[in-house]
Student: 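Starting off with a structure, shown below.
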Amino acid sequence: MASEVNLAQLRALIAVADAGGFGAAAAELGISQSAVSHAVAALERALGAPVLHRTTPARPTPLGEQVLPHARTAVASAAAVRSIATRHSGGLTGTVRLAAPTTVCQGLLPALLQDWRAAHPRLTVRVFEGEDDELPVWLGAGTVDAAVLVDADPVPPGAVPLGADSMHALLRRDHPLAGEAAVDVADLEDDDFLLSEGGCERHIRDAYRRAGVRFAPRHRIRDLNTLIGMVHAGVGVSVMPALAQPMLPADCVLVPIRPAAHRTLTLTGPAGRPWSPAVSGLLAAVRTAGIGA
């Protein structure tokens, strides 16, 4: 090999592979696109073969696919060493990439981020929104360092339970049931039901099954904001987690459903490798605060 492989080159490979392009990777790393290109080219010279196909989106070559897991491990280990040294000298630093569902990002994370900022002012938490089924994949691949998982089974060792998030009917304020303390799902049969294509569908289906009511969604909507907008426009009604409350316009309300249904939320690091001190520190702060207890 003409030269040694270094961490900057591995970071560039990971960033391009994850972001799908050199420009997006440059923005992710906070450096110029030219610097990313030079780093990847230097890695390819060191390895003696290309690691990326320069397509749109960019994707790893067979060699790149083999190198990527080791690159992630090397970069994560280097970050862990830095975090250990920082903790030894007092205080966590660095960046933790945290993934969570949209409703958790809106309804739960703001308070957690405020607590973490107060406890560890030199630590940066970058939040990525994802679908329920995407989060374990991101966590396992090393794309993120920690995640709020929905209905984790089994619960990873060391994870912190954040509690249960109950399902509520989403209604306009002028809906006849909007003022009720709770709504029987059977009473929603006369309304067009709008279903979010997220991970809550099985909980909603189960509630309808337990009530003995036929579940027949009129429309399926991928984007949660679009679904809320359609309810707001009077197109129909829906059921969604209570944590969606901050996303609602003033003339929409959430009302608990009967029979009750909920999802469980768990904050965790990766299951297949050691957690960085920064991730462990964030989870320890949540345990100390007693959230979810």
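Atoms considered below: every heavy atom in the structure, side chains included; atoms not considered: hydrogens, waters and symmetry mates. Residue numbers count from 1 along this sequence.
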Student: Report the residues that fulfil side chain to side chain contact (heavy atoms under 4.5 Å, CB included) with T268, sequence neighbours left out, ordered by chain and then residue number.
Tutor: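 Once residues adjacent in sequence are excluded, the partners of T268 under the side chain to side chain contact (heavy atoms under 4.5 Å, CB included) criterion are L139, L149, P156, A159, W275.
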Student: Just jot down the side chain to side chain contact (heavy atoms under 4.5 Å, CB included) partners of R54, sequence neighbours excluded, or say none.
Tutor: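 In terms of side chain to side chain contact (heavy atoms under 4.5 Å, CB included), with neighbours along the sequence ignored, R54 is linked to F22, V40, E44, L52.
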Student: Could you note down all residue pairs passing salt bridge (charged side-chain N to carboxylate O under 4.0 Å, His left out) where residues 218-239 supplies at least one of them, sequence neighbours left out?
Tutor: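 For residues 218-239: D192-R218, E197-R222, E201-R220.
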Student: Within a 6.0 Å radius of atom CG on D190, are there more than 12 heavy atoms belonging to other residues, nucleotides or ligands?
Tutor: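 Not more than 12 within 6.0 Å, no.
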Student: Write down the atom of R258, the atom of A182, and the distance for their closest heavy-atom approach.
Tutor: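 Smallest interatomic distance, heavy atoms only, reads NH1-CB, 3.2 Å.
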Student: Is the closest basic N to carboxylate O distance between R210 and D206 below 4.0 Å?
Tutor: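 Result for this pair is yes, salt bridge flagged.
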Student: Going by the rule side chain to side chain contact (heavy atoms under 4.5 Å, CB included), which residues pair with H232 if we only count those two or more places apart in sequence or in a different chain?
Tutor: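 Expected list: P249, D251, C252.
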Student: Could you pull out all residues at least two apart from V255 that satisfy side chain to side chain contact (heavy atoms under 4.5 Å, CB included)?
Tutor: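 Testing V255 for side chain to side chain contact (heavy atoms under 4.5 Å, CB included), a comparison that skips the adjacent residues, returns L171, V183, V253.
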Student: Is R263 salt-bridged to D151, going by a charged N under 4.0 Å from an acidic O?
Tutor: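 A salt bridge is absent here (no side-chain N lies under 4.0 Å from a carboxylate O).
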Student: Give a yes or no answer on whether the side chain of D191 reaches the backbone of V237 with a donor-acceptor pair at less than 3.5 Å.
Tutor: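 It does not hold such a pair.
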Student: Test M240 against every option in I228, T103, V231 by the side chain to side chain contact (heavy atoms under 4.5 Å, CB included) rule and name the one that passes.
Tutor: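 Answer after filtering I228, T103, V231: I228.
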Student: State which residues pass ring pair (Phe, Tyr, Trp, His ring centres under 6.0 Å) with F215; sequence neighbours excluded, sorted by chain then number.
Tutor: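 Partners of F215 under the ring pair (Phe, Tyr, Trp, His ring centres under 6.0 Å) test: F193, Y208.
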